[in-house]
Amino acid sequence: MTTVAVKPATMAQALTRALRDALAADPDVHVLGEDVGTLGGVFRITDGLAKEFGDHRCTDTPLAEAGILGTAVGMAMYGLRPVVEMQFDAFAYPAFEQLVSHVCRMRNRTRGTMPLPITIRVPYGGGIGGVEHHSDSSEAYYMATPGLHVVTPATVADAYGLLRQAIASDDPVVFLEPKRLYWSKDAWNPDDPPAVEPIGRAVVRRSGRSATLITYGPSLPVCLEAAEAAREEGWDLEVVDLRSLVPFDDETVCASVRRTGRAVVVHESGGFGGPGGEIAARVTERCFHYLEAPVLRVAGFDVPYPPPMLERYHLPGVDRILDAVGRLQWEAER
Amino acid sequence: MTTVAVKPATMAQALTRALRDALAADPDVHVLGEDVGTLGGVFRITDGLAKEFGDHRCTDTPLAEAGILGTAVGMAMYGLRPVVEMQFDAFAYPAFEQLVSHVCRMRNRTRGTMPLPITIRVPYGGGIGGVEHHSDSSEAYYMATPGLHVVTPATVADAYGLLRQAIASDDPVVFLEPKRLYWSKDAWNPDDPPAVEPIGRAVVRRSGRSATLITYGPSLPVCLEAAEAAREEGWDLEVVDLRSLVPFDDETVCASVRRTGRAVVVHESGGFGGPGGEIAARVTERCFHYLEAPVLRVAGFDVPYPPPMLERYHLPGVDRILDAVGRLQWEAER
Amino acid sequence: MTVMEQRGAYRPSPPPAWQPRTDPTPLLPDTTPYRVLGTEAAAKADPALLRRLYAELVRGRRYNAQATALTKQGRLAVYPSSTGQEACEVAAALVLQEQDWLFPSYRDTLAAVARGVDPVQALTLLRGDWHTGYDPHAHRVAPLCTPLATQLPHAVGLAHAARLKGDDVVALALVGDGGTSEGDFHEALNFAAVWQAPVVFLVQNNGFAISVPLAKQTAAPSLAHKAVGYGMPGRLVDGNDAAAVHEVLADAVARARAGGGPTLVEAITYRLDAHTNADDATRYREDAEVETWREHDPILLLERELTARGLIDEDGIRAARDDAEAFAADLRTRMNQDPHLDPMDLFAHVYAEPTPQLREQQALLRAELEAEAELAAEPEGGAR
Amino acid sequence: MTVMEQRGAYRPSPPPAWQPRTDPTPLLPDTTPYRVLGTEAAAKADPALLRRLYAELVRGRRYNAQATALTKQGRLAVYPSSTGQEACEVAAALVLQEQDWLFPSYRDTLAAVARGVDPVQALTLLRGDWHTGYDPHAHRVAPLCTPLATQLPHAVGLAHAARLKGDDVVALALVGDGGTSEGDFHEALNFAAVWQAPVVFLVQNNGFAISVPLAKQTAAPSLAHKAVGYGMPGRLVDGNDAAAVHEVLADAVARARAGGGPTLVEAITYRLDAHTNADDATRYREDAEVETWREHDPILLLERELTARGLIDEDGIRAARDDAEAFAADLRTRMNQDPHLDPMDLFAHVYAEPTPQLREQQALLRAELEAEAELAAEPEGGAR
Ligand SMILES: Cc1ncc(C[n+]2csc(CCOP(=O)(O)OP(=O)(O)O)c2C)c(N)n1
Ligand SMILES: Cc1ncc(C[n+]2csc(CCOP(=O)(O)OP(=O)(O)O)c2C)c(N)n1
Ligand SMILES: [Mg+2]
Ligand SMILES: [Mg+2]
């Protein structure tokens, strides 16, 4: 038995490793997208894959997102497991019809005879100083589309584990990669990745008694920071990382909220019609009598994603989260 | 002064009349879409318009929804007021990128110098025995897209009034037409239509004290029916017709819920990530201490819209609404 | 350093050579639709094939009539008839080998049936008891596709996948003239050409997209001319000449099979019926136009050829009709039975495993159905 | 009654005549890119125009260099340079009349600048203080468009609207080789041709879409060949020959203005810089290739012609450079000032009137900013 040193790795590296391991493990896995081959993708997530596995396993496509996803559907019909890269969140929109009219329906349409094991990787969210169309959070669209799984990692280990799960899944998975966490680092040993948990499980990232912050993806580090800062105010916050928006882990989330009696949902995506509405509603349905205050939401404003120089005013930050926690009717404290 | 007899008219007729009056009132109004000219549209909403106003005012386009909405953007840039028809809800998906990346952002992008007064008419919802792709409820996608107004009539008079308002609006409006109400009738005098109310106002369609049903579009008649049936159970239900999903009339909705202390949101659209989550969450945020029970939701199931022979099991019906009302914790009655 | 600073070093070498990526000339379609029946080419046609095509056309016509009749009896929710287009439908099915795949649109139930799909299963979508009535793998027929042109990239992807796996598979995808205006048409053809995927695109140009005539759909010399813009050959064929359609498609399929890449075929045809039973075609076209096309009916064209060449006689014609009648009678009988419905199917196959959310909803519906059943079981007016 | 029953009545009339909708021959592009500089055609070119083009190319090159430098200084978030493509950028701007409209993509700030947009305003998107820095109506330049090819239907719609209003307006839209693969390209060109809209599409084929070379983008003989599939003329031009690009575009614009409908122009050019400052072009192309193209530089081509014909001398060249330097210096100075930022702008112009929901959010941000300001105003360590 050799002991391997655990070195810090970035989320980007973990994602690359997941793709590489998936390509190696299953000849039916094929990566395709714009610039994923020679260049290794604009975020370099597919770096080296074309070289290692050949152009036919990691393919530069023509520049057409509906075409990419549409041909992936055909490939999946024939038994392959395409992993599609959308270059940025907003550039997945041209593929919307293929996603909503086919990808999510084919299994149901064909009574299970034609499942589509497609993974759609979408770098999403802001905070990277991207100009217009490079910082959208589109998860609300995907959540409202039955037949898809919607998954998003917030840690290096989850990036690897969830992507492997997504590719292994017999259902289509929209795999949302938080752009601004691509370069986040964590102790992680690529040669001995932790056991892969199934899609659909939330996790408590920080235990606390006062209130629960419910979050995912790019907002997890912000929430953890807020939880630290909250100690000064005397609040001991619990932080739940959803990891999977569909399926939704009611159990873990509700167990936490029942313990704390208060909750704030935090995400970058716009508030109105965003994921937080669903989350707050379902938590309230299930935990009504445990709640000391309404479940509040801290979200991006309901505006087009702002230009880079203004994005810090748009993104939920520590202060805005703490303000919301402060509005959780502490006077009602038992 | 002549007295005009008030005859029943269908919602379809009111919509046609609204388009006709808008075309007559403003030479910048142009109708375009698939089959809207010679045929008058597959639902005949544009019947007679091409004949009356010419092909250039009511134009049969090539068959390409992104092209239709994209050219409408250009027409609006030049100062026209395009009214676009999407033939069915699911066939608006190809235009999604134009909608989400341009239509809703152009005013903001250009600091107000280039508004896009486009009306996008989308027949939506089920209950008409339509085969696959002909019965989608896509309002959740539009609600989650800042920069759009999202409006849907449930009565003949509102169909006329809201469509006139939508066309007159300097903002883009997604105008959702409940297919199964096209042939619903109401006393309405086309030659003396009631004064047009501004977009953004909900209306109480039925007063009641026990609980509030919050709904819109195709589900309004079902809710009114449920409210009648509820009398037998001893419940006096209030029914609020939202009419506008964006902007949202918190005032009217919350006033009702504060009065009744209980609420159920009803819509055809899928529940998970659907409009009901937003509505329940915001009502709860604002009315928490008035609520005797969590705001519940009765929605379509989170499945691809079923085939016609099964749709009745999918659509929220009177019984399912009453069951939800029954779960509003009446034992907690003051 | 800007380029200007380099002036001294400038060598007047010739500009980088530009070469056409493919020779455009052979990609251009013929100037008139290719015809076989009634021309000299007919002599070379295989008599067995012609007879087979004839039998299928006659049966196909009868099938269309029967399906339309079923809408009137409320047995189908809607039917988009391919009456007048049977030559395309049938040739598309017959030209494929067993391992090949067919990608039909909503109008192409006949092609699916001609390829072997049980007509009841082919009509399931339009009856409305489920979205697809057949297992696509059983006959290698993709589900009937309603969102226009979206099936084309699927065909490309499947053909590409088969080629990657080294399998001998060609995909043939059907689309209408209207469908060629969609972005997915463009993207699919481009992917196919770049990947040299073994796929054949057959555009049935029936002159209309619902009410919109071709003149409002495109200004192209022909739809087949679009091929050159992708670097694939375009072929123009008389879509009512079953022998010609079969030959052109057979060439294209053979080319694809041999690794020659995709072909775009435009078949000039006409929809004799309305768009669907729900459509009123008199709103947008003259009866006279329809009559002209009746005189160029695919069945008559073929029947004339067969008769003239002594390949069929009255008995043969009667046999074909009898077969078609039997086929229709069987379809009628079976379609007159109510399909088996299970409301719980709503939740079947949304995912490989239902999510916890769906399980809750499933339980809700089950409880409702049980309550309903209990109520129905109760004797009139009271408790059991 | 099926058609078969009509057999007796069948009249063997000829099939409905098929006619090409347009004659395809004149739509096909030349077999090699059209060139003016260094050819006989140059003699016919207007000397004033050539000088003007030269001055703009020199300034454009300097502009590109300056903007790239600004990214290194952190003054721009990102810059997609058009170094090497200045001939297309400049010709596209110069060929239009005042009332015409230009539809640029993210790479085409130079075209906007050459049309009169203040370069600071043109760069606002890329600096990141707002999405568009100029009023599109002021110079009739649409906002720089990032989602590929989506600006093309806008150009068609605007041109169509102007024509409906009886205005003399032509729209010129820019797109890259990669952008031609998008469905929006297809739909826009089709609408333009069907409506005979006064619009010109200029494809700058610079050989790459980020890292993806043309060979992986299309198998077409040329991108200009796509035109025939829409029934519009396709023109192929040397995109580094400013005189040729100007002439071809001028013809197309004139044609559109005269009611002759749209044209697709493919300009063969090359991006000498990386895709953007963030890109590493060495990952996907050889320096040797870049060098070949340096020898076919648009500025050198024109400079050689002007010099050979005695239309410019060392003084003239120096004057152009001095002008370019002054232009760059001014840009540098102004870009070195921090832009004015107002966080409350987040809520400006989302709607004509903010919704109640936005008003609430506005109030929230305002309160946050006030609290922040108060905190900042407090003297270190305590209360005022
Ligand atoms: C994306 C999309 N838009 C609109 C429709 C509605 N629709 C159904 S059939 C049809 C006309 C199709 O015409 P064509 O492609 O020529 O085929 P045909 O019906 O003539 O066989 C339309 C507009 C659709 N099914 N899909
Ligand atoms: C719809 C869409 N997909 C992807 C992108 C990301 N992207 C930006 S530029 C680019 C390459 C464009 O290549 P080309 O059209 O040739 O223009 P060039 O950059 O060479 O000027 C890509 C893929 C985008 N902007 N829009
Ligand atoms: Mg057609
Ligand atoms: Mg390019």
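The figures here come from the full heavy-atom set of this structure, side chains too, leaving out hydrogens, waters and symmetry mates. To find a chain, count down the sequence lines: A is the first, B the second, and so on, and within it residues start at 1.
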Undergrad: Given heavy-atom pairs under 4.5 angstrom as the criterion, report whether the side chain, backbone, both or neither of Leu358(C) touches chain B.
TA: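 Contact with chain B: side chain only.
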Undergrad: Using a cut-off of under 4.5 Å for heavy-atom pairs, which of Leu148(C), Leu365(C), Leu144(C), Leu126(C) has the most such pairs with chain B?
TA: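 Among Leu148(C), Leu365(C), Leu144(C), Leu126(C), the one with the most close pairs to chain B is Leu365(C).
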Undergrad: So what's closer than 4.5 Å to chain B heavy atoms on Ala209(C): side chain, backbone, both or neither?
TA: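 Contact with chain B is through both the backbone and side chain of Ala209(C).
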Undergrad: Can you check whether chain C and chain B share any donor-acceptor pairs under 3.5 Å, and give the atom names and distances if they do?
TA:
{"residue": "Asp35(B)", "atom": "OD1", "partner": "Ser211(C)", "partner atom": "N", "Å": "2.9"}
{"residue": "Asp35(B)", "atom": "OD1", "partner": "Ser211(C)", "partner atom": "OG", "Å": "2.7"}
{"residue": "Leu39(B)", "atom": "O", "partner": "Arg283(C)", "partner atom": "NH1", "Å": "2.9"}
{"residue": "Asp47(B)", "atom": "OD1", "partner": "Arg283(C)", "partner atom": "NH1", "Å": "3.0"}
{"residue": "Asp60(B)", "atom": "OD2", "partner": "Lys216(C)", "partner atom": "NZ", "Å": "3.1"}
{"residue": "Leu63(B)", "atom": "N", "partner": "Gln217(C)", "partner atom": "OE1", "Å": "2.7"}
{"residue": "Asp302(B)", "atom": "N", "partner": "Gln361(C)", "partner atom": "OE1", "Å": "2.8"}
{"residue": "Asp302(B)", "atom": "OD2", "partner": "Gln361(C)", "partner atom": "NE2", "Å": "2.6"}
{"residue": "Tyr305(B)", "atom": "O", "partner": "His131(C)", "partner atom": "NE2", "Å": "3.4"}
{"residue": "Met309(B)", "atom": "N", "partner": "Gly128(C)", "partner atom": "O", "Å": "2.9"}
{"residue": "Arg320(B)", "atom": "NE", "partner": "Glu368(C)", "partner atom": "OE1", "Å": "3.2"}
{"residue": "Arg320(B)", "atom": "NE", "partner": "Glu368(C)", "partner atom": "OE2", "Å": "2.6"}
{"residue": "Arg320(B)", "atom": "NH2", "partner": "Glu368(C)", "partner atom": "OE1", "Å": "2.9"}

Undergrad: For Leu346(C), which atoms come within 4.5 Å of any heavy atom of chain B: side chain, backbone, both, or neither?
TA: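 Contact with chain B: backbone and side chain both.
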Undergrad: Can you say whether Val212(C) sits under 4.5 Å from chain B via the side chain, the backbone, both, or neither, judging by heavy atoms?
TA: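 Contact with chain B is through both the backbone and side chain of Val212(C).
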Undergrad: Do you know which of Ala149(C), Gly178(C), Pro339(C) has the most heavy-atom pairs with chain B at a distance under 4.5 angstrom?
TA: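 Top option by heavy-atom pairs under 4.5 Å: Gly178(C).
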Undergrad: Non-hydrogen atoms of chain C under 4.5 Å away: do they reach the side chain of Phe91(B), the backbone, both or neither?
TA: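 Looking at Phe91(B), just its side chain touches chain C.
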Undergrad: Between Gly129(B), Pro62(B), Gly40(B), which shows the greatest number of heavy-atom pairs under 4.5 Å with chain C?
TA: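 Heavy-atom pairs under 4.5 Å are most numerous for Pro62(B).
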Undergrad: Of the listed residues (Leu364(C), Ile210(C), Val78(C), Val350(C)), which shares the most heavy-atom pairs with chain B below a 4.5 Å separation?
TA: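 The candidate making the most pairs under 4.5 Å is Ile210(C).
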